Protein chains: 2
Amino acid sequence: MSEPGPSDAYGETRPFRVRSSTAEWAAAILRQRVTEGGLAPGSRLAEDELTAELEVSRNTLREAFSLLGHERLLEHRLNRGVYVRVLSPADVADIYRVRRMIEGAAVRRADRDPAALAALREVVAEADKAAAEGRWSDVGTADLRFHLVIASLNGSERVNMMMAQLLAELRLVFHTMDPHALHAPFLPLNRELLTLLDAGRGPDAEALLSACLDQAERVLLATY
Amino acid sequence: MSEPGPSDAYGETRPFRVRSSTAEWAAAILRQRVTEGGLAPGSRLAEDELTAELEVSRNTLREAFSLLGHERLLEHRLNRGVYVRVLSPADVADIYRVRRMIEGAAVRRADRDPAALAALREVVAEADKAAAEGRWSDVGTADLRFHLVIASLNGSERVNMMMAQLLAELRLVFHTMDPHALHAPFLPLNRELLTLLDAGRGPDAEALLSACLDQAERVLLATY
DNA sequence: CTTATCAAATTGTTCAACAATCCTTACATT
DNA sequence: AATGTAAGGATTGTTGAACAATTTGATAAG
């Protein structure tokens, strides 16, 4: 995931200008720290510290902040700085409302893309393998990808982007929990959902999906 | 920037005390020009011209560009500048795919907010009045608001924002058409949709809405 | 007619300075 | 003691200039 850019460790010059802008490079680093828990929700991101650490100008850093702000990972308060977003219970409820709409519409469709179903099988296998080896963080990643592929059944590029953003937001609250307890219950459920989709049993799939989302929302809201 | 006072000759002057950032102020002006047709799709927005006209620095203007780019109203081509977005037929089709999902889910819900139904009645009345007075541009605005309220039946803040952005995008192609021919057919349809919703006839409303969206999409795609 | 090369114009990025705002601390008043 | 107010220090907001990189258009050579 790390692209060539300015100094990876310190003491390194940055002779190359990458195809992507410097701001996107900085944003990628910050995004990783936020989604992987290095920066806890509520943390303040001071411009001074980060310009020194990332060795980019203040303007570039602020552009990176802007990018992550539009992804709802960072929150920008006027004259007060930038903070890692804190999800409220209302936010979690809202996100699951949207997920029910998007994923519900996806599984209800009659024309299912065989390629997407193949992708689902692959992701499920990936999750099983990770679970067998105890890599529960990877199980979580696979779970998110599973639902991203579900959403893609809608066949809309805009829906894909909305879904990706929703799941990125959810990561903010995921890494405050135990990955095993959070994701283990959904492994068999995802597998069953896949078989229902494969069999063309739309209504059953919709009901199961709805139950999955309800349960996930309950688990997350229980942490508050 | 010599004097911050409201002494500019004409046009939009910067407020004496800006509560929001300068970048958002500039973005608001450009957004208005784009959504109201002052800037046609495909137009280039040169940095030199706009920094002189708006009297903001290049950095601030570029931040405004960034904001509108994330709203999909402007398109940023590397080393080539910023252009008013041009919607492709695929874009229109995708937007209507999302609208069918969002608005379809909205009318299918059983728990309808009485306040929202009242808002729908108000918007329909507003559209009728504008039509009677020949203000077809306002009819178009009312039509968009009608569907925004429909979407709000989902009860999700994020869905509301998604819908607002979709409709802003659609305005880009609306301006290239005759407002009367575009919006007149939907006046009675919206009224009928409202009565169906009021009567709690969800499935009928869903069918009618689906027909409305199909027709609108056909009309828009016919312009290409 | 095609291709190569150069110069002008525009955008990409960074920097340093100043202005505006917020937060803390200390002081004064009741 | 509680409340309100006034520095001041720290941080963010905005600007203008400078230079690098890229595109564009014109010109010249094959």
Side-chain angles (χ1 to χ4, degrees), chain A residues 3-8 10 12-30 39 42-70 73-85, chain B residues 1-8 12-30 39 42-70 73-86:
Chain A
E3 296 208 338
S7 60
D8 206 318
Y10 54 89
E12 180 107 20
T13 57
R14 44 178 148 74
F16 302 129
R17 187 119 317 166
V18 212
R19 201 87 190 110
S20 69
S21 71
T22 309
E24 284 180 29
W25 172 82
I29 290 184
L30 296 178
L39 283 166
S43 311
R44 198 167 91 89
L45 285 77
E47 294 185 346
D48 265 356
E49 290 178 23
L50 287 171
T51 52
E53 185 188 343
L54 301 179
E55 293 180 355
V56 299
S57 79
R58 253 178 94 209
N59 289 9
T60 303
L61 180 66
R62 286 163 67 85
E63 196 173 328
F65 283 166
S66 169
L67 290 171
L68 297 174
H70 280 285
L73 296 182
L74 300 184
E75 189 179 359
H76 185 11
R77 307 177 202 168
L78 193 63
N79 290 316
R80 296 231 230 112
V82 173
Y83 297 78
V84 178
R85 182 103 181 286
Chain B
M1 171 141 67
S2 42
E3 90 282 59
S7 53
D8 277 328
E12 313 89 341
T13 71
R14 187 166 353 178
F16 179 63
R17 259 273 185 71
V18 205
R19 204 63 206 139
S20 64
S21 71
T22 308
E24 283 180 29
W25 170 82
I29 291 183
L30 296 178
L39 282 166
S43 310
R44 199 168 90 88
L45 285 76
E47 294 185 348
D48 266 353
E49 290 177 24
L50 288 172
T51 52
E53 184 187 342
L54 301 179
E55 292 180 346
V56 299
S57 77
R58 248 178 99 209
N59 288 337
T60 302
L61 180 65
R62 286 165 68 84
E63 197 173 327
F65 283 166
S66 169
L67 289 171
L68 297 174
H70 281 286
L73 295 182
L74 298 184
E75 187 179 3
H76 189 342
R77 306 179 202 166
L78 193 64
N79 290 316
R80 280 150 138 257
V82 172
Y83 297 77
V84 178
R85 182 104 181 286
V86 178

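Since we're looking at a predicted model, the values are computed, not measured. Computed over heavy atoms, backbone and side chain alike; hydrogens, waters and symmetry mates excluded.
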Report summary line: Rounded to the nearest 0.5 angstrom, the CG-OH distance for A:Leu74 and A:Tyr83 is 12.0 Å
Query raised in the report: When you match A:Asn59 and A:Arg80 each to their closest nucleotide on DNA chain D, which lands nearer the 5' end?
Result: A:Arg80
Requested in this report: Map B:Val82 and A:Asn79 onto DNA chain C by nearest heavy atom, then report which one ends up closer to the 5' terminus.
Outcome: B:Val82
Requested in this report: Starting from C1' on C:dT13, measure out to CD on B:Glu63 and report it in whole angstrom.
Outcome: 15 Å
Query raised in the report: Quick one: CZ on A:Arg44 to CD on A:Glu49, what's the gap to the nearest 0.5 Å?
Result: 8.0 Å
Query - Phosphate OP1/OP2 of D:dT15: any B:Thr60 side-chain N/O under 4.0 Å - result: yes
Requested in this report: Give a yes/no answer on whether the side chain of A:Arg58 brings an N or O atom under 4.0 Å of OP1 or OP2 in C:dC15.
Outcome: no
Query raised in the report: Reckon B:His76 has a side-chain N or O less than 4.0 Å from the OP1 or OP2 of C:dG12?
Result: yes
Report task. Take the protein atom CG of A:Asp48 and the nucleotide atom P of D:dG13, then report the distance between them rounded to whole Å. Result -> 13 Å
Query raised in the report: Quick one: B:Glu49 CD to C:dA9 P, roughly how many Å, whole number?
Result: 15 Å
Query raised in the report: Reckon A:Ala46 touches a base, only the sugar-phosphate, or nothing at all at heavy-atom distances under 4.0 Å?
Result: sugar-phosphate
Report task. Take the protein atom CZ of A:Arg62 and the nucleotide atom P of D:dT11, then report the distance between them rounded to whole Å. Result -> 15 Å
Requested in this report: Please state how far atom CZ in A:Phe65 lies from atom P in D:dT11, giving the value in whole angstrom units.
Outcome: 14 Å
Query raised in the report: Can you tell if the side chain of A:Leu78 reaches within under 4.5 Å of the side chain of B:Ser21, non-hydrogen atoms only?
Result: yes
Query raised in the report: Between D:dT12, C:dG12, D:dT15, which nucleotide gets closest to the side-chain atoms of A:Glu47?
Result: D:dT12
Requested in this report: Look at B:Thr22 and D:dT14 and indicate whether a side-chain polar atom (N or O) is within less than 4.0 Å of OP1 or OP2.
Outcome: yes
Query raised in the report: B:Leu50 CG to C:dT11 C1': how many Å, rounded?
Result: 14 Å
Query - Listed nucleotide nearest any side-chain atom of B:Arg44, set D:dT15, D:dT14, C:dT11 - result: C:dT11
Query - B:Leu78 CG to D:dT23 C1', straight-line distance once rounded to whole Å - result: 11 Å
**Report entry** Sub-4.5 Å side-chain heavy-atom contact between A:Leu30 and A:Leu50
**Finding:** yes
Query - Rounded distance in Å - CG (A:Leu54) to C1' (C:dT13) - result: 16 Å
Report summary line: Rounded to the nearest 0.5 angstrom, the CG-OG1 distance for A:Asn59 and A:Thr51 is 11.0 Å
